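What you see is a predicted model; the values in this text were computed from it and never measured.
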Amino acid sequence: MKTRAMKIGNLDIGGGSRVLVQSMTNTDTRNVAETLEQIRALAAAGCDLVRVSVYDEECVRAVRDLVDGSPVPLVADIHFDHRLAIGAVENGIAKLRINPGNIGGEENVRRVADAARMHHVPIRIGVNAGSLEKDIVERDGGRTAQGMVDSALRHAAMLEKAGFGDIVLSLKCSDVPMTVAAYRMAAQKCDYPLHLGVTEAGLPGRGSIKSAIGIGALLLDGIGDTVRVSLTGSPLPEAQAAIDILRAVGLRGGARFVSCPTCGRTRIDVNAIAQQVEQAFAGCTKDVTIAVMGCVVNGPGEARDADFALCGGVNCGALYIRGQFVKKLTGDIAAEFIRIVREAMNDIY
């Protein structure tokens, strides 16, 4: 669904632009060196933009150095104090994440909106089910998707009243069905770009699955302009998980990997070979499909749809390139397969 277009630093968001990957640092923002190290690691892992917490004046001062040293645009996450938002904008932040209802009234909202407009900084309104306004919770008898949307639009109206329209919405909940319902509802009610995520999803593993279900369902509906996979611990796995979700729904290029679950017919170590192949081409940005299959039942069929495929035999493998059988591989078939694929894709190495 096409949303209104705007800029986050040098990035396009909304208006049919590609879906952006975001994560958030968990370092002490005041420690510029440590925070910059994590920002750069997240950028290297595939993040298009990175959010940092700005919770006091020392953080505001750090923003300038973080912006100057960051390879990607930065987002300032701010609560309760409008002065921190204005300071972050003046120090070069590319996007704000605030809730206008908790920064001290209409006049303070206007001050933030004026600063953001002057510096061409979009504002994301971040609604979480756990922090909905009391009157909405009482009205609905609890936290609901409708309540999340109403809260987000209430906050957006405060910015619109201040003459500010470069607004992004997020409507996050740790409950996947409620999250999906809220975003679908919002997509019908407004044209603001939507930042997708299942908040507090948990540890990598279960949290990644929850995020993939929620974010993936929305992306397949054509909903979403930026995504964050929210996982406990290091933020670095968040970037890879988000990119994997985008690739799975066909919204990011790069190598796609296919491997079979194996069965009693398998005569090669599919698990070990597939892991070696994925590791070898993890950084591949070419739009290719690479398959490792265990036997002749599904192998040749999958090979026809893959750019490069290895189909297992008895202590050997059959190499296919673009659906055509090329030759039989023996010995260290994983290494040989990787070598041949690398040579064939030499332009990206």
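- Between the R64 side chain and the N91 main chain, a donor and an acceptor come within less than 3.5 Å of each other.
- Residues forming a side chain to side chain donor-acceptor pair (under 3.5 Å) with D65 (at least two apart in sequence, or on another chain): none.
- The shortest heavy-atom contact between A242 and V227 is CB-CG2, 4.0 Å.
- Side-chain N or O atoms of S151 include none that pairs as donor or acceptor with a backbone N or O of G147 at under 3.5 Å.
- Considering every non-hydrogen atom in both S17 and I13, the closest pair reads OG-N, 4.2 Å.
- Residues V249 and I209 fall within the same hydrophobic cluster, defined by Ile, Leu, Val, Met, Phe, Trp and Tyr side chains chained together at heavy-atom separations under 4.5 Å.
- Contact check for R97 versus H79: side-chain heavy atoms found under the 4.5 Å cut-off.
- A distance of 8.0 Å separates CD1 in I215 from OH in Y183, rounded to the nearest 0.5 Å.
- The pair R228-D77 does not meet the salt-bridge criterion, since no charged nitrogen lies less than 4.0 angstrom from a carboxylate oxygen.
- Looking at every heavy atom in both residues, E160 comes nearest to G165 through OE1-CA, 4.0 Å.
- Proximity of a side-chain donor or acceptor of K7 to a complementary backbone N or O of H120 within less than 3.5 Å is not detected.
- By the criterion of side-chain heavy atoms lying less than 4.5 angstrom apart, applied directly or through intervening Ile, Leu, Val, Met, Phe, Trp or Tyr residues, I98 is not grouped with M24; the two fall into different hydrophobic clusters.
- Here CG of L194 is found 7.0 Å from OG1 of T3. Values are rounded to the nearest 0.5 Å.
- Counted within 6.0 Å of CD on Q324, heavy atoms from surrounding residues, nucleotides or ligands total 12 or fewer; the atom is thus considered open.
- A distance of 12.0 Å separates CD in Q240 from CG in L42, rounded to the nearest 0.5 Å.
- Side chain of Y192 to main chain of S170: no donor-acceptor pair is present (N/O by atom type, distance under 3.5 Å, no hydrogens or angles).
- Both V54 and I93 sit in one connected hydrophobic cluster of ILVMFWY residues. Membership requires side-chain heavy atoms under 4.5 Å apart, directly or through other members.
- Residues R139 and D150 are paired through a salt bridge, judged by an N-O separation under 4.0 Å between the basic side chain and the carboxylate.
- Residues V67 and V72 fall within the same hydrophobic cluster, defined by Ile, Leu, Val, Met, Phe, Trp and Tyr side chains chained together at heavy-atom separations under 4.5 Å.
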* Asked: Yes or no on side-chain contact (heavy atoms from CB on, under 4.5 Å) for I290 and F337, after CA distance, side-chain angles and deciding distance?
  -> CA-CA 10 Å; I290 304 173; F337 180 65; 3.8 Å; yes
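- Counting heavy atoms from C-beta outward, L66 and L36 have side chains that approach closer than 4.5 Å.
- Interatomic distance, CG of D225 versus NZ of K2, reported as 11.5 Å (0.5 Å rounding).
- Under 4.0 Å is where a charged nitrogen must lie from a carboxylate oxygen, and between D114 and R117 at least one such pair does.
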* Asked: Between R143 and C173, is a side-chain contact (heavy atoms from CB on, under 4.5 Å) present by the stated rule, with each step listed?
  -> CA-CA 10 Å; R143 295 171 177 83; C173 179; over 6 Å; no
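- A 4.5 Å side-chain heavy-atom check between T226 and L196 finds every atom pair outside the cut-off.
- L74 and L236 fall within the same hydrophobic cluster, defined by Ile, Leu, Val, Met, Phe, Trp and Tyr side-chain heavy atoms under 4.5 Å apart, directly or through other members.
- Looking only at side-chain heavy atoms (C-beta outward), F281 and R342 come within less than 4.5 Å of each other.
- Contact record, Q22 with K95: OE1-NZ, 4.1 Å, taken as the closest heavy-atom pair.
- At distances below 3.5 Å, not a single donor-acceptor pair connects side-chain atoms of S208 with backbone N or O atoms of P204.
- The distance from the CD1 atom of I268 to the CG atom of L329 is 9.5 Å, given to the nearest 0.5 Å.
- Ion pair R18/D12 not flagged as a salt bridge, since none of the NZ, NE, NH1 or NH2 atoms sits closer than 4.0 Å to an Asp/Glu carboxylate oxygen.
- Without hydrogens or angle criteria, R30 side chain to E58 main chain gives no donor-acceptor distance under 3.5 Å.
- At a threshold of 4.5 Å between non-hydrogen side-chain atoms, the residues K161 and V109 do not count as touching.
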* For the pair L159 and I125, evaluate side-chain contact (heavy atoms from CB on, under 4.5 Å) and give the outcome as yes or no after the intermediate values. => CA-CA 10 Å; L159 288 174; I125 296 168; 3.9 Å; yes
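- Residues D56 and C59 meet the side-chain proximity criterion, which asks for heavy atoms closer than 4.5 Å.
- Considering OG1 of T179 and NZ of K172, their distance stands at 9.5 Å, rounded to 0.5 Å.
- The main-chain N or O of G264 is found under 3.5 Å from a side-chain atom of R267 such that the two form a donor-acceptor pair.
- Here the side chains of E238 and C47 are not in contact, with every heavy-atom distance at 4.5 Å or above.
- Closest approach of A182 to V149, counting heavy atoms only: O-CG2, 3.3 Å.
- Side-chain contact check for K327 versus I340: some heavy-atom pair is nearer than 4.5 Å.
- With R252 as the fixed residue, the salt bridge (Lys or Arg N to Asp or Glu O under 4.0 Å) test singles out one of D244, D287, D48: D48.
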* Asked: Where do T25 and V50 land on the side-chain contact (heavy atoms from CB on, under 4.5 Å) test, with the steps shown first?
  -> CA-CA 7 Å; T25 60; V50 175; 3.8 Å; yes
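- Shown here is R247, whose CZ atom has more than 12 heavy atoms of other residues, nucleotides or ligands within 6.0 Å.
- The main-chain N or O of D28 is never found under 3.5 Å from a side-chain atom of E34 such that the two would form a donor-acceptor pair.
- The shortest heavy-atom contact between A145 and M185 is CB-CE, 4.3 Å.
- Between the S53 side chain and the Y55 main chain, no donor and acceptor come within less than 3.5 Å of each other.
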